Protein chains: 2
Amino acid sequence: MPHAHPPLPPAPFPAPSHDHARCVATALATAETLCGERGARLTGLRRQVLELVWESHGPIGAYDLLDRLRALRSGAAPPTVYRALEVLMEQGLVHRINRLNAFIGCAHPDAPHEGQFLICTRCGTTAELDEPAIAHAIEQRARALGFAVEHRTVEVTGLCPSCRPG
Amino acid sequence: MPHAHPPLPPAPFPAPSHDHARCVATALATAETLCGERGARLTGLRRQVLELVWESHGPIGAYDLLDRLRALRSGAAPPTVYRALEVLMEQGLVHRINRLNAFIGCAHPDAPHEGQFLICTRCGTTAELDEPAIAHAIEQRARALGFAVEHRTVEVTGLCPSCRPG
DNA sequence: AGACTATATGTTATAATGTTTCATTCATGA
DNA sequence: TCATGAATGAAACATTATAACATATAGTCT
């Protein structure tokens, strides 16, 4: 059994009608497991924030998260959200989309990585890729210039299969 | 003479000691020419802002620009800078680095394009690439997923040749 | 030139995003 | 149980960006 893949994450662009509650539940369960293995603490607050991030179908801003969090925790303030997000990002459970000043649940949190994102400008649905060809193309050119890569940000906007005409 | 290249822009990572005043002068002259050809108006203000952007060796934030601009125009306010930057970006004379909330002069303003950036985290020097292999790797994967690309953001941090050890 | 028009800039206020600081609470282990 | 460090609460503040409206300037037409 050379390829014992873990259960596959949702397809890059899930059907608009998919059972998103299930995505959320799976993501939370995975997060619990990973944090358990790592000795990281997925506290009530962090779990709530992660759940809110996942409940959004696309990237969601910190202040939108804050609004939603306040329904659960009346005293929530900006640092409440930002601190939780910081930990979640450290654990690779959430990614930041710089272009949008927004956050999204990581589709492949098992191993640390930096995602590559395809962001639909119409419906907001965002697919996370982890495409070696892209990373290699960047790495190769950087190396040729003597540049030692630390972090790669790849954020692509456009129209997802459901939104594009034709 | 099949390849009548325009004068080459500075190498991706210019030596720290290079004559930057010359870079600035060249960039401004090019901007004048391009705007003239296009019927775009490179006003005094826009020219000043473009010059300030170029005078910085790396990406520079809008409020840093504003501080410097105020030495030239006492009444300058945030919109003064942002509006100038907007026009300069429309003309492809300046790029925005989302990761840094900062702006940088475009190295190849002749044709419209989206740059790919290698940003040194130590000295701030930033190289602009326009590497088809990177764009193609992204394009190909997107196409395979049925995603129609509009804009590509590629921002890579790391250490430039002058700053990296060894 | 004079009047008209569109563009550009000045000015003030405000929105949106993100951080610092210090106090308090909570979990954990000696 | 008490000491410790981590997590959260709470208030203020910093940074980045835009909205709205007034004024000025440049280009055009007659």
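Quantities reported herein were computed from a predicted structural model and do not represent experimental measurements. In the text below, chain A, chain B and the rest are named by the order of the sequence lines, each starting its count at 1.
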Contact pattern, 5' to 3', of nucleotides 8-17 of chain D - B, S or - by protein heavy atom under 4.0 Å
BBBB----BB
Which atoms form the tightest heavy-atom contact between [X] and [Y], and what is the distance?
| X | Y | result |
| --- | --- | --- |
| B:T125 | B:P14 | CG2-CD, 4.4 Å |
| B:C106 | B:G92 | CB-O, 3.3 Å |
| A:L145 | B:F13 | O-CD1, 4.1 Å |

What distance do B:T80 atom OG1 and B:L65 atom CG have between them, rounded to the nearest 0.5 Å?
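Between atom OG1 of B:T80 and atom CG of B:L65 there are 11.5 Å.
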In plain terms, say whether A:R68 and A:E55 are close enough for a salt bridge, that is, a side-chain N and a carboxylate O under 4.0 Å apart.
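Not counted as a salt bridge, because no side-chain N and carboxylate O are separated by less than 4.0 Å.
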Does this structure show an ion pair linking B:E155 with A:R152, if we count only N-O contacts that are shorter than 4.0 Å?
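Salt bridge: no.
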For A:R70, does the CZ atom sit with more than 12 other heavy atoms under 6.0 Å from it, leaving out its own atoms?
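More than 12 within 6.0 Å, yes.
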Please give, in whole Å, the distance from D:dA7 P to A:L42 CG?
11 Å
Contact between A:L34 and A:Q91 at the side-chain level, heavy atoms closer than 4.5 Å - yes or no?
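Counting from C-beta outward, A:L34 and A:Q91 never come under 4.5 Å.
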5' to 3' on DNA chain C, which nucleotides open and close the contacts with chain A (atom under 4.0 Å from a heavy atom)?
C:dT17 to C:dA27
